[in-house]
Amino acid sequence: MTEETRLIHSGLAQTPLARTVGPPIQRGSTVLLPNAASLYDDDAQVTYGRQGLAAHQALISALAELEHARGVTLYPSGLAALTGALLAVLKAGDEILVVDCVYKPTRRFCDRVLRRFGIQVRYFPPQLGAEALMAICGPSTRLILLESPGSLSLEFQDVPAIAAAACQRGILTLIDNTWAAGWLFKPLDHGVDISVQALTKYVGGHSDVFMGSAAAKDPKVVEALDAGVLDIGWAVSPDDAYQMLRGLRTLPTRMARHDQSARRIAAWLSERPEVASVLHPALPGTPGGEIWRRDFSGACGLFAFTLKSASPPATAAFLDALELFGLGFSWGGFESLAIDCVPQLANRLAPDAYGGALIRLHVGLEDPEDLIADLLRGFAAWGAAA
Ligand SMILES: Cc1ncc(COP(=O)(O)O)c(C=O)c1O
């Protein structure tokens with residue numbers, strides 16, 4: 001062998017690997033197969049890296065544990081998980097009913113892409129009960145898309161009742177379960193067919209990795225999701241899969257802290273003279289609170305409140321005065337964030353349902369008393385501008 005060939009073949013993977021706590025991060029497109037007979041034997045082994053290697057398999061099994069699922073598929077973002085799962089089970093001529101409080105990019109996909117492929121899209125108000133929802137289903141309704149609670153204005157849907165009624169009619173249900181992070185609510189145990197989450201949020205937990213998952217129990221749905229990934233070609237990097245697995249280890253601990261701090265801040269806000277209402281399910285009288293108490297084991301750090309003045313300059317003054325709350329989309333990381341929700345409500349069925357400035361907070365892992373001091377800075381600026 002020449003030195004060139006020796007160099008090219010030096011330093012290749014060693015087996016067996018030393019056993020570490022987490023899985024190895026195997027980087028590989030090519031998978032070397034033991035013999036010619038295995039080349040096309042896809043059922044027995046992974047034959048190509050896109051099918052997922054050690055870190056992917058470990059993440060999939062941990063997520064199956066989290067979501068009480070039989071099968072989990074991974075996607076390069078939460079939005080890709082939602083769109084990928086929808087494409088895996090819908091076909092031209094179907095109709096999909098979508099809850100009106102759905103994440104805005106999911107709505108954009110339904111309006112622009114699903115409609116282009118001949119799928120009818122209708123929106124329904126999140127308050128609609130199971131019976132009323134069944135009454136508006138038509139013969140071609142194939143799927144009901146839920147997001148409970150809505151990630152801006154916290155509308156809870158009666159998911160178990162809707163899933164049971166839809167199942168009787170042979171209609172699939174899919175939920176965006178990101179708020180619960182797969183931890184606080186187990187949609188598959190309540191009859192939902194597909195539970196999707198943006199792992200980017202609480203599972204990742206550090207605002208630095210994108211990924212999404214779709215989980216299912218029914219073997220036919222699992223098969224359809226797997227085929228969708230295979231056909232479309234979604235793949236995630238093993239480094240990202242490892243990061244998600246690392247985030248998952250501390251998910252329950254972080255969620256408990258987010259919950260505790262967010263409840264403290266929500267209760268404090270509810271007493272403030274600048275605040276018209278607080279949308280947090282643990283506060284008495286919040287719409288959807290009874291569903292949350294029945295179905296969820298806790299709350300995360302994401303909730304919203306309305307300011308008494310709807311004046312855009314006053315809202316901007318409030319947000320601009322915040323020093324600890326970053327101004328940014330996304331949530332689920334260790335850091336606190338705030339946004340003005342009003343520009344995102346425009347294409348809803350009832351865009352002005354909140355009658356004022358709707359502010360969404362993500363309460364991170366900081367000391368809640370420091371966050372309260374920050375909100376006081378915001379209120380002082382708001383008062384000066386209102
Ligand atoms: C409720 C909800 N679902 C899905 C997503 C999409 O996740 P990703 O940013 O990973 O695409 C987001 C992102 O903000 C979200 O808030």
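Whatever order the structure lists ligands and atoms in, that order sets their numbers, starting from 1.
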Dump the pairs for me: ligand 1 N or O, protein N or O, distance under 3.5 Å, to 0.1 Å.
from	atom 1	to	atom 2	distance (Å)
ligand 1	3 (N)	D176	OD2	2.6
ligand 1	10 (O)	G78	N	2.7
ligand 1	10 (O)	T200	OG1	2.5
ligand 1	11 (O)	G78	N	3.2
ligand 1	11 (O)	L79	N	2.8
ligand 1	14 (O)	Y103	OH	3.4
ligand 1	14 (O)	K201	NZ	2.7
ligand 1	16 (O)	W331	NE1	3.1

TODO: Using the six-membered ring wherever Trp is involved, compare the ring planes of W234 and Y75 and label them parallel, tilted or perpendicular (cut-offs 30° and 60°).
DONE: perpendicular
Open item on the list: Donor-acceptor pair, distance only, cut-off 3.5 Å: does the side chain of H56 make one with the backbone of V236?
Closed with: yes
Open item on the list: Considering only residues two or more places apart or on different chains, which pairs with a residue in residues 66-87 satisfy salt bridge (charged side-chain N to carboxylate O under 4.0 Å, His left out)?
Closed with: none
Open item on the list: Is the distance from the ring center of F305 to that of H280 below 6.0 Å?
Closed with: no
Task: Partners passing salt bridge (Lys or Arg N to Asp or Glu O under 4.0 Å) against D193 (at least two apart in sequence or in another chain) - done: none
Open item on the list: Under the side-chain hydrogen bond (donor to acceptor under 3.5 Å, both in side chains) definition, can you give me all pairs with a residue in residues 364-376, not counting sequence neighbours?
Closed with: R264-E369, S336-E366, D374-R377
